[in-house]
Amino acid sequence: MITWNNLDTISAYQELQKVAKVNLKEAMTGEQGAERVGKYSVPMAAGLAYNYAAKQVDDKVLEALAKLAEETQLAEKFEALYNGEVINTGEKRRVLHHMTRGQLGDAVSADGVDKRSFYVNEQKKIAELAEKVHSGQITNAAGEKFTTVVQIGIGGSDLGPRAMYLALENWARANNTFKMEARFISNVDPDDAAAVLAGIDVAHSIFVLVSKSGTTLETLTNESFVKDALKNAGLDASKHMIAVTSETSPLAKSADYLAAFFMDDYIGGRFSSTSGVGGAVLSLAFGPEVFARFLEGAAEEDRLAKNKDMYANPAMLDALIGVYERNVLGYRNTAVLPYSQALSRFPAHLQQLDMESNGKSVNRFGEPVDYVTGPVIFGEPGTNGQHSFYQLLHQGTDIIPLQFVGFRNNQMGRDVVIQDSTSQQKLSANVAAQIVAFACGKADDNRNKDFQGGRPSSIIVGEQLTPEALGALLSHFENKVMFQGFVWNINSFDQEGVQLGKVLAKKVLAHDTDGALKAYSDLLNI
């Protein structure tokens, strides 16, 4: 029987707080450090590995974390989730994003249909449309092929799909699977839509409108912006637009779209990259086969997340170390540092995934919790970040845990030797150097040049950022966030904090304001 209890009532958590803290600087120095690199590593899907040697843990800490995993029933709660129990208590919904890439357990029937079949059917419909667009069976009014796809959406309808597109764009070009350029419109700021439209040929562009409800203010505003541009170009907007929405939304049966593809309330926006939300734009950009490979990488990593053995479950292990850092060691932030330019927007996606999911101060039953929950997430790709905020990471007053991501080979297959090493070798050298520099530091009599070390990090490392590796990477972090929410006894699958600002914005636009809200409205000349 599954029970849901606050973290501070868990006996394993009380034991964890009593375990001796690890002196990371000592642990990572000399041969001891080299031994840790080989010892503290666990395989992931698609040839990736999660290495946590430079984390502030040892065997005793890990033993305590394993007890915490068992007492909080992490494996059992994940099993309940993928078997279709109502895990999203705030909205009384199932949580089924895993089912978009595979069935991990029992068949799940909801709304009168088998959900796995529903998701697969929508993927097939998207694949068929993409193939018709690529082959020229679906064209513009002049009978010419579409060359650009533009996604219109915000939040999870933008951040994840945009990050995934950028992650695979160069790989697809190098592997001859690049079909169409993708652009994205998200911000209600008119400069966003105007800049995208100014940079494309609208006559050869197909637009993907993504809104589950069909009522998202920013998205519908940008749709009108696009339709106006198409009209001004003498084009029929309905021949240039498709919708990704729910079957009950006003967009579902509209003649304004070439086609509509469906999602449901069981997939949150920030978990929707493997649904039609990501599927439409990625299938159009790279082909359905590439999207299928992306799904397989995610599915393979999901299967690892089922493992009840924490030591063989990279997402669970990463999650529990994060809880230890947040709740026992008192670290407030986490930096995500991919040493791959292709992952330039991946930290932004993880920022939403983590902070919208676990930025909660009440438990699953609406009761206040007396412990901290989700950390602040930020990051930039290396080596750019090194010349930006690493100063604070190395010598600032806060210790900030670091999550590196690195690959042994680049995507494009092009490089140059300068000063006896390639660019890729220089990139990888920087990752290795930073991990050790953060952990071990460097003593110096000049206090400005003294590095105390003791700054923990982990690295996910692989051969190359392929569709499978990207899917595995995405799944790892989705499952990490889920497991942390289970430990904290919070609902990681609603986002009520997003709603209040929307409500007040509507009042401002309706000129139904007073007090400070009216004063700020006047200040901004609304």
Side-chain angles (χ1 to χ4, degrees), residues 1-4 42-46 66 68-124 262-268 270-279 292-320 353 357 364 468 471-487 489-494:
M1 178 180 174
I2 290 177
T3 58
W4 300 91
V42 58
M44 294 173 58
L68 181 62
E70 184 177 355
E71 190 174 346
T72 53
Q73 301 175 293
L74 297 190
E76 291 81 4
K77 287 171 182 175
F78 183 31
E79 185 176 4
L81 182 149
Y82 61 69
N83 282 330
E85 291 192 23
V86 176
I87 297 296
N88 179 350
T89 51
E91 297 169 317
K92 297 179 174 59
R93 293 173 181 168
R94 298 172 174 86
V95 178
L96 300 181
H97 56 274
H98 298 88
M99 201 162 276
T100 61
R101 55 246 194 178
Q103 188 159 310
L104 295 171
D106 300 336
V108 176
S109 179
D111 308 320
V113 299
D114 177 86
K115 296 312 296 183
R116 174 62 181 158
S117 299
F118 171 77
Y119 298 138
V120 169
N121 185 58
E122 292 306 307
Q123 289 166 5
K124 288 179 179 177
F262 301 125
M263 52 180 166
D264 56 38
D265 286 335
Y266 309 123
I267 299 176
R270 57 195 176 277
F271 296 95
S272 66
S273 291
T274 53
S275 75
V277 174
R293 290 176 59 180
F294 169 62
L295 294 180
E296 181 49 42
E300 185 183 351
E301 188 66 25
D302 286 343
R303 290 190 286 272
L304 291 178
K306 293 175 62 177
N307 201 320
K308 293 185 177 182
D309 179 3
M310 179 196 75
Y311 296 96
N313 186 327
M316 185 185 292
L317 185 58
D318 194 2
L320 288 161
L353 173 67
S357 296
R364 295 170 56 79
E468 292 88 348
L473 200 61
L474 177 72
S475 165
H476 174 87
F477 285 103
E478 288 181 349
N479 292 325
K480 172 187 176 180
V481 166
M482 171 194 71
F483 283 131
Q484 288 184 331
F486 289 162
V487 175
N489 195 31
I490 58 178
N491 179 13
S492 300
F493 304 104
D494 64 4

query: side chain to side chain contact (heavy atoms under 4.5 Å, CB included) with S492: which residues, sequence neighbours excluded?
result: S357, N358, I490
Gap between atom CD of E79 and atom CD of E85 - 0.5 Å precision: 9.0 Å
- prompt: If you measure from the Lys or Arg side-chain nitrogens to the Asp or Glu carboxylate oxygens, is any gap between R303 and E296 under 4.0 Å?
  reply: yes
- prompt: To the nearest 0.5 Å, how far apart are OG in S273 and CD1 in I267?
  reply: 11.0 Å
- prompt: Quick one: does V481's side chain get under 4.5 Å of R270's, heavy atoms only?
  reply: no
- prompt: Is the shortest heavy-atom distance from the side chain of F271 to the side chain of T100 under 4.5 Å?
  reply: no
Pairing residues for E91 by the salt bridge (Lys or Arg N to Asp or Glu O under 4.0 Å) criterion, not counting sequence neighbours: R93
message: Looking at every non-hydrogen atom in both residues, tell me the closest pair between Q484 and A319 and how far apart they are.
response: NE2-O, 3.0 Å
Sub-6.0 Å ring centroid separation between F78 and F486: no
task: Report yes or no: is the cationic atom of K115 (NZ for Lys, CZ for Arg) under 6.0 Å from the centre of the six-membered ring of F118, at an angle within 45° of the ring normal?
output: yes
- prompt: Within a strict 4.5 Å, meaning less than it, do heavy atoms of the L320 and F483 side chains meet?
  reply: no
- request: Taking all heavy atoms of A45 and all of G297, pick out the closest pair and write down the distance.
  value: CB-O, 4.0 Å
query: At what distance, to the nearest 0.5 angstrom, does CG of N479 lie from CE of M316?
result: 9.5 Å
- line: Heavy atoms of G90 and D494 approach each other most closely as CA-OD2, 3.6 Å
- prompt: Taking C-beta and beyond as the side chain, do S117 and V113 meet within less than 4.5 Å on heavy atoms?
  reply: no
- request: Find the distance between NE2 (H476) and CG (D318) and round it off to the nearest 0.5 Å.
  value: 3.5 Å
query: Is the closest side-chain heavy-atom distance between D111 and Y266 below 4.5 Å?
result: yes
query: More than 12 non-hydrogen atoms from neighbouring residues, nucleotides or ligands closer than 6.0 Å to NZ on K308, yes or no?
result: no
Passing candidate, salt bridge (Lys or Arg N to Asp or Glu O under 4.0 Å) with R101, options E301, E478, E300: E478
statement: Tightest non-hydrogen contact, residues M99 and D106, listed as CE-O, 4.2 Å
Closest approach of L317 to V42 (non-hydrogen atoms, all atoms of both residues): CD2-CG1, 4.2 Å
Backbone of A305 reached by a side-chain donor or acceptor of N313 within 3.5 Å: yes
message: How long is the straight-line distance from CG of D264 back to CG of L96, given to the nearest 0.5 Å?
response: 6.5 Å
side-chain contact (heavy atoms from CB on, under 4.5 Å) evaluation trace for I87 with R364: CA-CA 9 Å; I87 297 296; R364 295 170 56 79; 4.0 Å; yes
message: Minimum heavy-atom separation for T274 and Q123, please, with both atom names.
response: O-NE2, 3.9 Å
- prompt: Among all residues two or more places apart in sequence or in another chain, which pass the salt bridge (Lys or Arg N to Asp or Glu O under 4.0 Å) test with E122?
  reply: K125
field: Spacing of F294 atom CZ and S475 atom OG [to the nearest 0.5 Å]
entry: 9.5 Å
- prompt: Should L81 and H98 count as side-chain neighbours, where that means a heavy-atom distance under 4.5 Å?
  reply: yes
- prompt: Does K77 reach the main-chain N or O of T3 with its side chain, forming a donor-acceptor pair under 3.5 Å?
  reply: yes
